[in-house]
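Bear in mind the structure is a predicted one, so any value in this text is a computation, not a measurement. Heavy atoms only: backbone and side chains are in, while hydrogens, waters and symmetry mates are out.
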Amino acid sequence: MWTKICGIRDAETARMVADLGASALGLNFYAPSPRCISVETAGEIAAAVSKNDVVLVGLFVNHSLEDIEATCQDVSLDLLQLHGDETPEFLAELAERLPNLPLIRAFRVREANLESIAAYLSDCDRCGKRPDYLLIDAYSPDAFGGPAKWLPGR
Ligand SMILES: O=C(O)c1ccccc1N[C@@H]1O[C@H](COP(=O)(O)O)[C@@H](O)[C@H]1O
């Protein structure tokens with residue numbers, strides 16, 4: 001099983017979680033989140049773990065293309081997780097700038113109706129870049145993610 005542990009905030013925890021067998025560590029760069037870390041801390045975490053052991057996922061919410069690019073220059077991330085209102089056009093531009101980094105696109109859903117996601121993916125096809133992975137998260141009115149809620153059932 002592929003397991004991603006999010007919100008890692010220091011090198012020691014990163015090492016421990018990697019040793020316990022996590023496949024990926026989530027590094028949160030979203031400033032309002034209590035799990036947000038600086039680029040410096042992310043660099044320390046990257047240095048503490050072996051690329052052979054874990055994948056490093058950078059979590060961004062409505063960051064600019066330039067911000068994401070700058071972070072990726074400082075920290076050797078393996079995957080990008082976009083959790084905001086990023087458009088299909090944004091994804092296409094990001095993939096052009098950072099072609100080697102697969103994209104996880106998170107969607108916050110209010111009900112078990114995924115038609116809006118299908119429409120988004122069609123737009124992605126039109127723009128030339130589909131997310132490599134989808135993350136379906138529960139909707140919360142006051143958070144872009146991390147509400148620790150279950151998805152609504154049908
Ligand atoms: O963790 C956060 O604070 C966060 C903030 C903004 C966007 C996403 C965030 N977390 C990520 O959301 C998913 C689902 O988390 P949860 O199960 O709802 O707690 C996960 O990938 C977190 O890394």
Considering only heavy atoms from C-beta outward, does the side chain of [X] approach that of [Y] to under 4.5 Å?
| X | Y | result |
| --- | --- | --- |
| L94 | K129 | no |
| R15 | D53 | yes |
| V57 | Y133 | no |
| I45 | I37 | yes |

Rounded to the nearest 0.5 Å, what separates atom [atom1] in [X] from atom [atom2] in [Y]?
| X | Y | atom1 | atom2 | value |
| --- | --- | --- | --- | --- |
| D132 | L79 | CG | CG | 8.0 Å |
| L135 | K4 | CG | NZ | 6.5 Å |
| F90 | L82 | CZ | CG | 6.5 Å |

Is it true that a side-chain atom of [X] and a backbone atom of [Y] form a donor plus acceptor pair closer than 3.5 Å?
| X | Y | result |
| --- | --- | --- |
| R105 | L121 | no |
| D78 | L56 | yes |
| Q81 | F60 | no |
| H63 | I68 | no |

Please report the shortest heavy-atom distance between [X] and [Y], naming the atom on each side.
| X | Y | result |
| --- | --- | --- |
| V75 | A42 | CG2-CB, 3.8 Å |
| Y120 | T87 | OH-C, 3.5 Å |
| V54 | A24 | CG1-N, 4.2 Å |

A quick test of your reading: do over 12 heavy atoms of other residues, nucleotides or ligands sit less than 6.0 Å from CD of E12?
no
Around atom CD of E66, are there more than 12 heavy atoms of other residues, nucleotides or ligands at under 6.0 Å?
yes
Fill in: Trace of the side chain to side chain contact (heavy atoms under 4.5 Å, CB included) decision for L59 with S33
CA-CA 11 Å; L59 189 151; S33 170; over 6 Å; no
Look at E44 together with R9 and state whether they make a salt bridge at an N to O cut-off of under 4.0 Å.
no
Taken in chain and number order and not counting sequence neighbours, the residues that satisfy side-chain contact (heavy atoms from CB on, under 4.5 Å) with S116 are none
